[in-house]
Amino acid sequence: RARDERTVAADVSRSAQQYALLAEEELEEVRNEIREILGGALNAHAGGVHYYQGLHDVATAVALVDRKRPRGTPAMGAAILERLVLFHLRDHTGKDLSSTMEMTAMFLELLAKVAPELGDALGRAPPFYAVSWFMCLFLHDVRVLDVAVRLLDLFIASHPLMPIYVGAALVMANKAEILKKSSDALDLHSTMARLRVADATATVDEQFAQTQRLIEIALQIYADHPPDRRTFTLAFA
């Protein structure tokens, strides 16, 4: 637990500034809220739920949303994050990454079904690029809070495997570039590591629209190839 606490402290110390919404003097206040949210969610299940690097990205978005609640209403950040770590992020809160890597394998299995050419190109090397996608719910490189909130809404309201569908949609949206680089493993890995749900150089409205289009594609893939609700694994038709 001491190691977790040191990691949390280091991660939270650089949280929140990516959204560029706060004055410098407000950042520490927000970071204190992030610490409280993480502590509330994790300490309620000490020993069964472990912190991992990247969870602070999720907690940051939750904390910033929670700050917008109407005055006088109770804080919900810790409860929301607790639900996420117990259900939607549970594969990443164990003592190792074995369940996370199983999730990346399911991602490749889904991709092989919906986009065989891409599945073949990406199936030649371990999909380490997808680990941060799934552990951070694609939030690590998001710079617009509205985009982060839209992603959180999707994942909270969806099956815990929804991140692999968003991953498939993201890859399909970048098909031409991926296939162009597929002959060189290093170029391909570099390309995959740069993929984002939205272009950070675009306007806020454009980034939100890009994210919404990806979500719509992901939801269609989910409708066509849903996971088995009894086993929480993929069962393709």
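Each residue takes its place number in the sequence, starting with 1.
Here the CG atom belonging to Asp57 is positioned 6.5 Å from the OG atom belonging to Ser15, to the nearest 0.5 angstrom. Atom CG of Leu55 sits about 13.0 Å away from atom NE2 of His50, to the nearest 0.5 Å. Here the straight-line distance linking atom CD of Glu216 with atom CZ of Arg213 works out to 8.5 Å at 0.5 Å rounding. A distance of 11.0 Å separates CG in Asn174 from NZ in Lys181, rounded to the nearest 0.5 Å. Atom CD1 of Ile217 is separated from atom CE of Met172 by 6.5 Å, given to the nearest 0.5 angstrom. Put simply, CG on Leu219 and CD on Gln212 are 8.0 Å apart, with the number rounded to the nearest 0.5 Å.
For the pairing with Tyr51, the side chain to side chain donor-acceptor pair (under 3.5 Å) check across Thr93, Asp11, Thr7 returns one residue only, Asp11.
The shortest side-chain heavy-atom distance between Phe134 and Asp91 does not fall under the 4.5 Å cut-off. Taking the side chain as every heavy atom from C-beta outward, Asp224 and Val114 never approach each other to under 4.5 Å. His88 is not listed as a side-chain neighbour of Leu137, based on a closest heavy-atom distance of 4.5 Å or more. The shortest distance between side-chain heavy atoms of Leu139 and Thr60 does not fall below 4.5 Å. Taking 4.5 Å as the limit, some side-chain heavy atom of Leu122 sits within range of a side-chain heavy atom of Met192. For the pair Met103/Pro163, a side-chain contact is recorded, criterion being any heavy-atom separation below 4.5 Å from C-beta on. With a 4.5 Å cut-off on side-chain heavy atoms, Trp133 and Leu195 count as touching. At a threshold of 4.5 Å between non-hydrogen side-chain atoms, the residues Phe138 and Thr211 do not count as touching.
Of all the heavy atoms in Gly40 and Ala78, the pair that sits closest is CA-CB, 4.3 Å. When all heavy atoms of Ala200 and Gln207 are compared, the pair lying nearest together is O-NE2, 3.5 Å. Ala193 approaches Tyr129 most closely through the heavy-atom pair N-CB, 4.3 Å. Contact record, Pro127 with Thr104: CG-CB, 3.6 Å, taken as the closest heavy-atom pair. Minimum interatomic distance between Leu188 and Ala121 (heavy atoms only, all atoms of both residues): CD2-O, 3.7 Å. For the residue pair Ile37 and Gly77, the shortest heavy atom distance occurs at CG2-O, 3.7 Å.
A salt bridge (charged side-chain N to carboxylate O under 4.0 Å, His left out) check over residues 34-49, counting only residues at least two apart or in different chains, returns the pairs Glu28-Arg35.
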After noting the C-alpha distance and the side-chain angles of Val171 and Leu111, does the key distance pass the side-chain contact (heavy atoms from CB on, under 4.5 Å) rule? CA-CA 9 Å; Val171 170; Leu111 197 60; 3.9 Å; yes

Salt bridge (Lys or Arg N to Asp or Glu O under 4.0 Å) evaluation trace for Arg69 with Asp66: CA-CA 6 Å; Arg69 69 185 184 278; Asp66 200 33; 3.6 Å; yes

Using side-chain contact (heavy atoms from CB on, under 4.5 Å), reason through Leu154 and Arg150 one step at a time and then give a plain yes or no. CA-CA 6 Å; Leu154 171 71; Arg150 183 65 187 96; 4.1 Å; yes

Would Val142 and Tyr19 satisfy side-chain contact (heavy atoms from CB on, under 4.5 Å), going step by step from the backbone distance to the final call? CA-CA 8 Å; Val142 170; Tyr19 293 106; 4.1 Å; yes

For Arg67 and Val30, run side-chain contact (heavy atoms from CB on, under 4.5 Å): C-alpha distance rounded to whole Å, both residues' side-chain angles, the deciding distance at 0.1 Å, then the answer. CA-CA 9 Å; Arg67 285 170 63 86; Val30 174; 3.7 Å; yes

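Looking only at distances, no side-chain donor or acceptor of Tyr165 sits under 3.5 Å from a matching main-chain atom of Leu110. Formation of a donor-acceptor pair under 3.5 Å by the Arg14 side chain with backbone atoms of Ala10 is found in this model. Here the side chain of Ser190 pairs no donor or acceptor atom with the backbone of Asp187 at under 3.5 angstrom. Formation of a donor-acceptor pair under 3.5 Å by the Gln210 side chain with backbone atoms of Asp199 is found in this model.
Ser98 and Asp96 share a donor-acceptor pair across their side chains, judged by distance under 3.5 Å alone.
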